[in-house]
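Here's the structure we're looking at; comments come further down.
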Amino acid sequence: MEYNFTDIERKWQQYWKENKIYKTQIDHDKPKQYVLDMFPYPSGAGLHVGHPLGYIASDIYARFLRQKGFNVLHPMGYDAFGLPAEQYAIQTGQHPAITTENNINRYREQLDKIGFSYDWDREVRTCDPEYYKWTQWTFIQLYKHYYNNKTQKAEPITELISKFERSGNLDLDASSDSIEDFTAVGWRKMNEKEKQQTLMKYRLAYLSETMVNWCPKLGTVLANDEVKEGYSVRGGFPVEKKKMNQWSLRVTAYAQRLLDGLEKIDWPDSLKEIQRNWIGKSEGATIFFKVKGFDDQIEVFTTRPDTIFGSTYMVLAPEHELVKKITTQQYSSKVEKYIEESFKRTELERMSETKSVTGQFTGTYCEHPFTGDLLPVYVADYVLAGYGTGAIMAVPAHDSRDYSFAKKFKLPIKEVVTGGNIEKGSYDAKEGTLVDSDFISGMCVPDAIKAVVKKLESNGTGKGTVNFRIRDAIFSRQRYWGEPFPVYYKDGIPYVLDEDELPLELPEVDKYLPTEAGEPPLARAKNWKTKEGYQLDWNTMPGFAGSSAYYIRFMDPRNDNELVSKEAVEYWRNVDMYVGGAEHATGHLVYSRFWNKFLYDIGVVVEPEPFKKLINQGMLQGRSNFVYRVKGTNKFVSYNLKENYDTMPIHVDVNIVDNDILDIEAFKKWNPEYENAEFVLENGKYVCGWDVEKMSKSYHNVVNPDDLIEKYGADTLRLYEMFLGPIEQSKPWDPKGFEGAFRFIKRFWRLFHDDKGNLNVTQQSPTKEELKALHKAIKKANEDIERFAFNTAISAFMTFLNKLYEYKCNKKEILEPFLIILSPFAPHITEELWHKLGNRQSIFFSEYPEYDESYITEDMITYPVSFNGKTRFKIEISADKDAEEIEKKVLEAEESQKWIKDKKVKKVIVVPGKIVNVVV
RNA sequence: GCGGAUGUGGCGGAAUUGGUAGACGCGCUAGACUUAGGAUCUAGUGCCGCAAGGCGUGGGGGUUCGACUCCCUCCAUCCGCACCA
């Protein structure tokens, strides 16, 4: 009898569900482990085989840890707000809640078939009011806090107010928008509106008029991480800059802590590096340059204060606030024209024209703070408004961009650091000696930097500064399908709702489109007002709002009184193992770290970092097949004959190709165009070409997990996905290799049965050899699961199974532990056999077998003997022999003579237990 | 341009600390059972060579008794960032 996986898998999935095998509760007697997958956005396309890769890995890990005695939290939910459901709603009028619900049900069905060990009682959906109540709650807390740089944490805005009342903002060091100094008297003189406007500049969630990424096609603004190379990540639509009044989160306040925290977490280096670049810390100096003829100063940021004596002109970004003010009459029309043109150019054009430099002289000059020389001030869009101060001191000799600008506008180039050739190009390296630089001449670059900063600070013309590239996250979206802001407007001033009014539920609208006036969809909602009649905010929150704290909510998902109870958060603390794709490096993984740090500051969570260890699963690529059509005909040539014809390759559905042999009949039916196709065969077969590509419908190489489960079963799918290779690597899906995993499952089943399909397991005591094989497998499985190397663990199981066939072993004492160590990988077949052997409880309540070293140690060791590093023969030597005896044995051996012959033995290296190397 | 990663049979990959390179699986070859098999089992399978033997972890160089592993250098591929001052 063959293994009937369909019935057996269904049976146990049912059993696990009914008996709530995976239900998890706080248990103070057991150590906890929190194993989490990045929860999916439930798309309409369903899961393909690449999707569950990480879920399978974490599931194996979670099951393993349970058997090792840990209390494991392993939940799953849905990141359910988002654009695709809303776009679909715009097209069809179907409410996004319905689309989302349908997609979730489909996902759930697919997930269930794979046999995951999630505690579904903890499921959360970000679009559920019970859930987003706490997203809104956190927003309110962000609104009610500011960041105190002195204490390096978020503090209540009420404390800020009392500081203002005491001494204005004079001795305050807080993260804020640019703001003028005011005294306590000044504060008291402000009216309500002015006070609110002032506070807004300090809040961690704040409303401000800023340059945003506006995507007209999506009708919304986007955060920086949602834009890539001038296009929206979702949808790929062009994005432009626009000034708008928007909510933002003051992520920049946490920049240093976000950077420092990376040191303490176990994440892939590449991912940490991406975050470091994103945060973009650079140390340097801000320097003030007096503008001649004005009271104003231009503040610049530079990482190379040492090159200050090489500065020959100044540049302001077109958006810089001083540009208009300081431009002389003579140049004003030219400057205005330049600014206008540069605004017209989209980000995209600006980027594609990297090489050509543009700019315009303003007619004004600045004074050099040390020499008093006059430097011309230009406006040019190679200087970005959003970075540093939006102004630079140009040092053409030591900055390649300044160099090409200087060349174009015939500005002087003055070398101040040795090592380059300024005739040919700029010398940007931080190595060399300062020259022609007054008090720093003769110093090396690092010393010169320090000396200049010191001087700037002592004469008040500048100071040492740290600058970050990371920007505050824009938090408003002009879309329907997201969390409404718990915000209303009174006399044009925003206020947040009381916490007991949450959740503020998403209202119904007649259309999911902006209004005629261009207002967001929520402006369509009837009576979108507080009970006092104040207008509620029309924006909704972005995708990362709901995903920033879902791992916290999983700890206590049904708590209606708080985001998470003290008891739950103190027990589960944070995620021990987080598995997901690297594409979230600058989005979700930055925001949730920020969100967590804020919640940490206000005492909601107890760990400064949300995800202790993180593993990125690689992508599963598709393996595409091709047929070769003779150009201009309906004739197809087999792969190895195609050189004789003028052909073009055409993607063919991988489902009608087996082992690269085309099913010709299926091909004819596949597309009516090919119904009468002719074929040039080799050996009576049509051989297809192949290539590894992205898995995509248009390449006809998508593999669907449901089809595979139907044909081979979930255990085979799980096993094969893990066997393919290291989890973090991208690798192609080989449909043929899949059958190897299936063979293993079938062979495993047969080990327990006789030819007639009856259970056939004996009570005999195992031999030494059998025990050795078992304990080797236990050891290997243990080590490999711990380092997430599931592919090698599976090959150890295969080796073990091969051994048992060799020994013809069907002894319970060996097979039962084998079931347990295989069960995290193949839960269904092992559960079935476990029960067949007479066990009553689920195999997942059994204890992981203990590995015993004594079974593995060998009496005899086979030493490879090499001569000059080349292995020549092997020799068996008793394990208790010491190096001297081994050397003697080896040299006496007959085979040795052949390699020594007349040569002299110079040296013999013996590594006991490993190898022998003879140098002749 | 900057930063990171990866290069091992026909293919996916293994070698955890410098110690038998190619485990395990796919594919392939031959055979057994079979009406048949795309089921199962047995044997073989890095390359060259009849063999002895030689060559072999992207290329070149180095350290070492010994290098996929460490160092230098070059090449290729992938990913991230990109006028970031």
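Lettering of chains follows the sequences in order, A, B, ..., and the numbering in each one begins at 1.
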Shorter than 3.5 Å, N or O on both sides, protein versus nucleotides 41-45 of chain B: list them out with atom names.
residue : atom : partner : partner atom : Å
B:C41   : OP1  : A:R747  : NH1          : 2.7
B:C41   : OP1  : A:R750  : NH2          : 3.2

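- Of the listed nucleotides (B:G3, B:A85, B:C65), B:G3 has the atom at the smallest distance from the side chain of A:E273.
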Contacts under 3.5 Å, N or O only, protein and nucleotides 52-54 of chain B:
residue : atom : partner : partner atom : Å
B:G53   : OP1  : A:K898  : NZ           : 3.0
B:G54   : OP2  : A:R872  : NH1          : 3.2

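- When the P atom is compared between B:A14 and B:C24, the two are found 14 Å apart, to the nearest whole Å.
- B:C81 atom P lies 20 Å from atom CZ of A:F468, rounded to whole Å.
- Here A:N467 lies out of heavy-atom contact (under 4.0 Å) with every strand.
- In summary, the aromatic rings of A:F405 and A:Y403 are positioned with their centroids too far apart to meet the 6.0 Å limit.
- Comparing B:C68 with B:A52, their P atoms are spaced 24 Å from each other, to the whole Å.
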Filtered N/O pairs between nucleotides 69-79 of chain B and protein, under 3.5 Å:
none

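- In this pair, A:F301 and A:Y387 present their aromatic rings perpendicular. The plane angle is above 60°, beyond the 30 to 60° band.
- Judged by the 6.0 Å and 45° rule, A:R623 forms a cation-pi pair with A:W690.
- By the salt bridge (Lys or Arg N to Asp or Glu O under 4.0 Å) test, A:E721 is found to be paired with no residue, residues two or more places apart in sequence or in another chain being considered.
- We find that CE of A:M722 is positioned 14 Å from P of B:A14, with the value rounded to whole Å.
- The distance from atom CG of A:N277 to atom P of B:G4 is 9 Å, rounded to the nearest whole Å.
- Between the P atom of B:A82 and the CG atom of A:D428 lies a distance of 19 Å, rounded to the nearest Å.
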- Dot-bracket pairing map - RNA chain B, Watson-Crick plus G-U, both contacts under 3.5 Å, | cross-strand: (((((((..(((......[....)))((((((.......))))))(((....)))..(((((..]....))))))))))))....
- Query: Which letter, B, S or -, goes with each nucleotide of nucleotides 15-22 of chain B from 5' to 3', with contact meaning a protein heavy atom under 4.0 Å?
  - Reply: SB--BBS-
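- For the pair A:K736 NZ and B:C26 P, the interatomic distance rounds to 10 Å; values are reported in whole Å.
- Phosphate contact (OP1/OP2 of B:C24, side-chain N/O of A:N802, threshold under 4.0 Å): absent.
- For B:A82, the OP1/OP2 oxygens have a side-chain nitrogen or oxygen of A:R469 closer than 4.0 Å.
- A:N467 and A:T465 share no donor-acceptor pair across their side chains, judged by distance under 3.5 Å alone.
- For the salt bridge (charged side-chain N to carboxylate O under 4.0 Å, His left out) condition, no pair includes a residue of residues 307-316 of chain A, sequence neighbours left out.
- If you measure from atom NZ of A:K272 to atom C1' of B:G80, you get 17 Å, rounded to the nearest angstrom.
- The salt bridge (Lys or Arg N to Asp or Glu O under 4.0 Å) search around A:D306 returns A:R304, not counting sequence neighbours.
- When each of A:S795 and A:T586 is assigned the nucleotide of RNA chain B with its nearest heavy atom, A:S795 is the one assigned upstream, toward the 5' end.
- Between A:Y851 and A:H775, the angle of the ring planes lies from 30° to 60°, which puts this pair in the tilted group.
- Not counting sequence neighbours, the partners of A:R747 by the side-chain hydrogen bond (donor to acceptor under 3.5 Å, both in side chains) test are A:N802.
- Listed for the A:Y720 side chain is no donor-acceptor partner under 3.5 Å among the backbone atoms of A:D715.
- The distance between atom NZ of A:K803 and atom C1' of B:C24, rounded to the nearest whole Å, is 13 Å.
- Residue whose closest nucleotide on RNA chain B sits further toward the 5' end, between A:G390 and A:T799: A:T799.
- Contacts of A:R471 classified as salt bridge (Lys or Arg N to Asp or Glu O under 4.0 Å), with partners at least two apart in sequence or in another chain: none.
- Residue-level contact check: A:P268 touches neither bases nor backbone, having no heavy atom under 4.0 Å from any strand.
- Checking A:E693 against A:S624 by side-chain atom types alone, a donor-acceptor pair falls below 3.5 Å.
- A:Y639 and A:D660 are not linked by any side-chain donor-acceptor pair at a separation below 3.5 angstrom, with hydrogens and angles left out of the test.
- By the salt bridge (Lys or Arg N to Asp or Glu O under 4.0 Å) test, A:K780 pairs with A:D784, sequence neighbours left out.
- In this structure, A:D381 places its CG atom 17 Å from P of B:A82, rounding to the nearest Å.
- Across all strands, A:D402 comes closer than 4.0 Å to no nucleic acid atom at all (heavy-atom distances).
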Using atom names, set out every protein N or O paired with an N or O of nucleotides 5-12 of chain B below 3.5 Å, distance rounded to 0.1 Å.
residue : atom : partner : partner atom : Å
B:G12   : O2'  : A:L724  : O            : 2.5

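- Ring geometry for A:H588 versus A:H584: interplanar angle over 60°, hence perpendicular rather than tilted (30 to 60°).
- Only the P atoms considered, B:A43 is 25 Å distant from B:C48, to the nearest whole Å.
- Nucleotides B:A39 and B:A32 place their C1' atoms 14 Å apart, quoted to the nearest Å.
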